[in-house]
Structures are given as structure tokens and as C-alpha cells.
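On a predicted model such as this, the values are computed, not experimentally measured, just so you know. Note on naming: letters A, B, ... go to the chains in the order of the sequence lines (proteins, then strands), and numbering restarts at 1 for each one. Computed over heavy atoms, backbone and side chain alike; hydrogens, waters and symmetry mates excluded.
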Amino acid sequence: MSTATQSETSAGETGAQQDVVIDAKIDELHYGKFKAVRDVHIPFTRNSITAFIGPSGCGKSSALRCLNRMNDLVRGFRLSGHVHFRGTDIYDPKVDPVAVRRHIGMVFQQPNPFAMSIYNNVAFGLRLNGFRGNMGEHVERALRHAALWDEVKDKLRASGLSLSGGQQQRLCIARAVATEPEVLLMDEPCSALDPIATLKIEELMRHLKESYTIAIVTHNLQQAKRVADKTGFLYVDTSEGGRTGYLVEYGHTDQLFTDPREEFTKQYIHGDVG
Amino acid sequence: MVSHSRPPSRLDVAWDRGFRFLTWFMAWATIALVLFIVYKVTESAFPALQRYGFSFMTTSHWDSNREKFGVLPEIWGTLYSSGLALLFATIFGVGVAIFVSEDFVAPAWRTLLKNVVELLAAIPSVVYGLWGIYVVIPLIRPMADWLHNNLGDFPLFGTPFAGPGMLPAAIVLAIMVLPTIAAVSRDALVNVPPRLREGAIGLGATRWEAIFKIVLPAASTGIFGAIVLGFGRALGETMALAMLVGNSGVISVSVLSPANTLSALLANHFPEAQGIEVGALMYAALVLMGITLLVNVIGELILWRASAGMKGAH
Ligand SMILES: Nc1ncnc2c1ncn2[C@@H]1O[C@H](COP(=O)(O)OP(=O)(O)O)[C@@H](O)[C@H]1O
Ligand SMILES: [Mg+2]
């Protein structure tokens, strides 16, 4: 599945753009009358981790949830701009959002395993896809991918809810990667976890980027520093009376943290604002 | 700074004590009342209890001249009509609950629908009975006749449509318990954490896949509670059933046949009952209370086990 898409993408694009899996350009994002985000333009490159940082409420989650049309669930949501994935705009009226989400998986802030067995949690997405192959093998592979296999291999029939928070989050990662999406979106995946579980997930992310393209939202600057290749810094603009998030600066993580171009970025990473 | 706090005055304390006593008294008075009712009913039923014993629940006659009494058809009719009504009401009620808990339409429309369904609970039982006789029975007659003529080989439609009987009774009863089931199910659905639905949608589930595979199972305990509550209501419903069920002590699986229920039996026979028949009616009342109690206890047990299981998982 992924090899076919790869050749498809590289055939359709050239040069430096070749590795851009998602090209997101959010001109304006509204919830009803409220303009939540403006002017966020970020390319997501293959096999890399891109982080969104910024103070709470600046629209990180909103921007991330545009990438797999999760925002469609919100009444009143409107987007102007585009999100190109494999050369097509996922907001094109002809595109089925359900199909988009099968290629662009998501891991949420709160671990949200379903009230079913560990095995069935991982198999859930595969079953939705009408998967007919060797289910057991696939479940094992996904759990290994999420570095959870050794801890749960003897209790696959136990409830997903019986695991610890960190294990639950890795189960959700296993569930998301089981269907072999191309992109993985993670919205503050460690904010509900303790430091040790957090480090485990970070290690896992570095490992996962060999197979996936990852976009992560984090309010933890150290985490962005540790895992992200590229980082985008969002901030809130209150000048027009509203509270609209926008992209202040985007670049290589090292550069953004050591030598930011924008004064705002410098202040934020030194803890002077936010 | 001036402190605005002061110790409670003696009046406050007295008021507090008095109020506490009052609530205590009312709680116990309620319990005493229930016990008193059960005691009085049992006392009045005693002659019949002694005379007919257990066979009262396994025989089928209600003959005051020969003083032969048995409520097997009424037990059957009570359970059958309630079960059938519950089947209809669950399908519709859960459907309504899904509709008003999802955002298929603008919130204002959902609120309207929710209120209209709840309004159904405000219509008096006797109105339902009249409506059943003058609207429902004529309305379903063509369909019922068709069912008997074409599918009469099935026991379910094995008798000709008699007008008042099981089907119209169950339909009207279903409408009467619909508000309970819809409202309680809706609460259960609304209380499913949104992150579960998001998890399913995020994996590429359609809205209906998310509802049927994740949201409904997560709400199933609450929906089951709704059904038990509805069952309790259906068992005791009297007026509409007395008007609609046909008041005929036959045991038939045919939904087109007339039937009888315990509550309708009580309502119809009290005016002329005397002597041992009063005892028999009281005995029938005891049986009805027993069934209702049993259903509620079983329902509570299942709910309790389900929620204990959920807690154990965390
Ligand atoms: N579903 C929603 N409906 C309306 N407003 C929302 C919704 N989700 C987020 N917002 C608003 O959009 C802004 C950005 O929120 P969010 O994207 O969650 O920020 P962040 O993830 O950076 O904390 C906030 O002002 C928030 O109140
Ligand atoms: Mg957020």
C-alpha cells in the first residue's frame, strides 16, 4: 500500500517538493463566527517529525485536526486554504473524509482505548477496512511497532482499559499504526503521562518516523527539542480584538531554538511570554 | 479587614436540627407507607392465599359464581404485552435517543424533538386508551387482517384480528413508555466520553460505525437501565390496557388475539367483587407487585454487575 503511494507521489512531484507528504496552508479557520487560526503554512516532510508549539489556546490542536478533517465533527467549522495530501486537496468536495482518516491516523491527548480487549482495540481499524489477512500477525506487528508487545503478549484478551496510562497511549498508537497509515497526527500524546512513560513514547516516535510521517502538538518545549526535526511556533494575535492563532515562525528545530528569527519566538522559548 | 464570618446562631442550629429531623422523618414515613400497603394487601389476600395457594398462578379460570380463580392468562398477558411494548419502544426510543444526541440537525431542532417526546409522558393514560380504541385499532386493522390472511400459519398471527387485543395494547403501551426509554437512553449516550467517538472517527470509522461499534456499546449499561425502567412502567400500566387489551383470559402467542393483564383484571373486576373474589383480586395484586419487584431487582443486579465490571477495568 505505502510503496504504491510513494511512487505515485514522486511521479507527481519533483525536486525538493518530492518529500512533502502534506502541504497545509490554513488561511483562515473559523468555528462559527470565531476566527481561531490564520496564516499557518507548513509542509510536512516524509519520515520526519514536525512539532507545533505555542501557548494553550493558540490553535495548535485546531491546525492539527485540519490535517485529517477531524474538525469536520465540529458544527460551524470552516476552513479557507488547502491541505494537499498526495497531490490532492483533502478538502476537495469529492474527497471522502473517512478515507482521508484511514491514511492519516491520529493519537489523542487523553489515551482513549475502547472498552474491549487489547487485541480487539488493535484489530478495530483493520476490521473497519475489511481486512481479510492474518489478523493475529498484524495485531502483533502493530503492538511490536508501538513497543507494547512484550508487556501485553500474555494478556491480549484483557481489557484495554486495564492497562496503565502510558500503556494505554501506546495501545492507541498501535491501534493507529495497525492500518499502516502514512501520516500519524499526535495531539499532546504525553500530556496525561508521567515522565518515564513520556520518554518511552518519545523514543517510540523517533522509531516510528522511519516508517511514518509524524506531526505532533506539544506544549512541552523540551519535548519538541528532543524529538522534532522541524518546529512551528504558533502564537495568539489579539490585535483585531479576537484571539486568533497564527504561525510566527517555522524552521528546523535546532535553528528555531538556538537562533530564532522572530523576537516573539525568542521570548517564548526563554519563558518570557505565554 | 472586617471578617464577615460568625459562628452559627442558636436559631441556625435549631433550624438545622429541625430540618434534619424532618427529612429523616419523611424518609422513614415513606418506607413505612410502602410496608403498610404491602401488609394490607397481603392481609386482604390472605383468605385467597390460603384457599388457592400456588395453583392460583397456574390455573386459568376467573369464575366468581363457582369461586374458581386463577391468573395464569393474566400473568402471561402482562409479561407478553410489556415485552412486546418494550421491543417497539426500545427500537424507537433508542433511535430517537441517537437522533437527539448526535448532531444530524441543528441543536434547536434536537431540543424540540426531545421536548415533544417528553411531552408524550404528560398525556393521561385514559386519553391513550381512547386514542387506541378510536385511532390505533382502525388504523392497524387492514395490516392485521393482511397479516392473518397471508401469514396466518405463523403462530404470531394465528388468530383473526379481534380489535382490542395484544397488538393495539402493545403499540399504545410502547408509546407510553417511549419517553422514559428515549430520555434515559439519551442521557446514557450523551455521557459517553467524546474521546471514544473521536478515537473511532480518527481510525476511519464512519459516523454510523462509530455509533454502532463504540458509542452504543459504551452506553449499553445506561440503555439497559432505561429498558428496565420502561419495563417497570409497562407492567403496572392499567387504564389504557383495561380499555385496549380485550379483557379475555386466553393464553395465545398470537398478537392479534384479545388477552388480559393483571392490572386490567383488577380494574375491571373490582367494582362488583365481593367475598372471596376480593381476596383473589388482592392476591392478583400481590402477584403483580411481585413481578414488578422481581424485574426491578434483576435489572438493578445486572446494572450493578455491569458497573462493577466497568470499575474493575479501570
Ligand atoms: N470545537 C470548538 N468549537 C469552538 N471553538 C473551539 C473549538 N475547539 C477549539 N476552539 C477554540 O479555538 C481556539 C484554539 O483552540 P485549540 O486549537 O484547542 O488550541 P490549543 O490546542 O493550541 O490549545 C481556542 O480559543 C478554543 O477555544
Ligand atoms: Mg490542544
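- When heavy atoms are compared at a cutoff of 4.5 Å, A:P97 does not approach chain B at all.
- Proximity to chain A (any heavy atom under 4.5 Å) is shown, for B:I201, by both the backbone and the side chain.
- Taking the ring centre of A:Y212 as origin, the terminal cationic atom of A:R46 falls outside the region bounded by 6.0 Å and 45° from the ring axis.
- Looking only at heavy-atom pairs under 4.5 Å with chain B, the residue among A:R101, A:M116, A:R75 that has the most is A:R75.
- Between A:R65 and B:E198, at least one side-chain N (NZ, or NE/NH1/NH2) sits under 4.0 Å from a carboxylate O, which counts as a salt bridge.
- When atom types are taken as modelled, the side chain of B:T30 and the backbone of B:M26 share a donor-acceptor pair closer than 3.5 angstrom.
- For A:E140 and A:R144, the salt-bridge test passes: some basic side-chain N is under 4.0 Å from an acidic carboxylate O.
- Top candidate by heavy-atom pairs under 4.5 Å with chain B, chosen from A:R69, A:Q109, A:M70, A:M106, is A:M70.
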